[in-house]
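Only one structure is covered here, and it is reproduced in the block below.
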Amino acid sequence: MHPALSADGKRLFFASNMPGTFGEYDIYVSDVNSDGNLGVAKNLGQKVNTEKNDLYPNVVGTNTLFFASEGREGHGGLDVYMTQVGQRKVGLAVNLGSDINSGEDDFAITFTKENGKGYVMSNRGKNKNSFQRVAFFYDGEKNSDE
């Protein structure tokens with residue numbers, strides 16, 4: 001579930017609970033062949049995946065992977081992490097911190113084409129069963145209209 005295509009269209013990232021996971025759901029990658037068929041799904045390993053759920057992959061550019069995990073020491077619930085994913089190497093996942101993550105579930109992250117603005121989906125509001133988009137700025141400049 002949660003398929004995400006790299007900007008160059010050459011890799012598909014997704015979450016799955018197929019046999020061979022480290023936990024409940026893990027994040028995998030498959031090469032997209034020139035004919036549109038997918039290569040063998042490869043688990044991104046323990047630098048990304050944990051014994052619990054690792055979900056909502058989102059690739060920015062070709063190598064920057066954002067995802068949500070509930071299996072690491074974080075702020076609570078699902079937290080958003082970032083790592084670099086090359087063709088043969090996966091970097092260590094880094095928690096995006098308290099400006100992005102809260103004590104509740106924070107998961108799908110997107111960036112706008114406007115410089116320095118993005119959103120994280122979260123259930124940190126009063127009603128834990130409803131989701132909201134929480135805006136953030138990542139270049140240090142805040143827009144007083146928001």
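Predicted model only: the values in this text are computed from it and were never measured. Numbering starts at 1 and runs along the sequence shown.
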Identify each donor-acceptor pair in which a side-chain atom of residues 86-94 lies under 3.5 Å from a protein atom, sequence neighbours left out, and give them as a table.
none

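- Counting heavy atoms from C-beta on, the side chains of M1 and L55 come closer than 4.5 Å.
- Inter-residue side-chain proximity for H2 and Y25 is flagged as unmet; no heavy-atom pair is nearer than 4.5 Å.
- Of the possible donor and acceptor atoms, none in the side chain of N95 sits under 3.5 Å from a partner among the backbone N and O of Y81.
- The main-chain N or O of Q84 is never found under 3.5 Å from a side-chain atom of T64 such that the two would form a donor-acceptor pair.
- In terms of heavy-atom proximity, S30 sits nearest to A41 at OG-CA, 3.2 Å.
- Side chains of R11 and N63: a donor-acceptor N/O pair is present below 3.5 angstrom, by distance only.
- Taking every heavy atom of both residues into account, D106 and V120 meet most closely at CB-CG2, 4.2 Å.
- Side-chain polar atoms of T50 and D54 form a donor-acceptor pair below 3.5 angstrom.
- Note that CG of N37 is 4.0 Å distant from CG of D35, once rounded to the nearest 0.5 Å.
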Inset, instruction - Go through the steps for N58 and L65 under the test side-chain contact (heavy atoms from CB on, under 4.5 Å), then give the verdict. - result: CA-CA 6 Å; N58 179 21; L65 176 68; 5.9 Å; no
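- Within the 3.5 Å criterion, the main-chain N or O of D26 finds no donor-acceptor partner in the side chain of T21.
- One N or O on the side chain of N43 and one on the backbone of G45 form a donor-acceptor pair closer than 3.5 Å.
- Residues G71 and S69 share a closest heavy-atom pair of N-OG, 3.2 Å.
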Inset, instruction - Take D31 and K10, measure what salt bridge (Lys or Arg N to Asp or Glu O under 4.0 Å) needs, and give me the verdict at the end. - result: CA-CA 6 Å; D31 290 330; K10 294 184 178 182; over 6 Å; no
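- Residues V29 and L12 are not in side-chain contact: their nearest non-hydrogen atoms beyond the backbone lie 4.5 Å or more apart.
- For the pair L78/E70, a side-chain contact is recorded, criterion being any heavy-atom separation below 4.5 Å from C-beta on.
- For the residue pair H75 and S102, the shortest heavy atom distance occurs at CB-O, 3.3 Å.
- No donor-acceptor pair closer than 3.5 Å links the side chain of D105 to the backbone N or O of G77.
- Taking each heavy atom of Y28 and M18 in turn, the nearest pair found is OH-CG, 3.5 Å.
- In this structure, L5 and V32 have side chains that are in contact, with non-hydrogen atoms separated by less than 4.5 Å.
- Between F66 and F111, the gap from one ring centroid to the other is short of 6.0 Å.
- For N17, the CG atom sits in a packed shell: over 12 heavy atoms of surrounding residues, nucleotides or ligands are nearer than 6.0 Å.
- Shortest non-hydrogen contact noted between G74 and D79 is CA-OD2, 3.2 Å.
- Taking the six-membered ring wherever Trp is involved, the centroid distance between the rings of F67 and Y56 does not fall below 6.0 Å.
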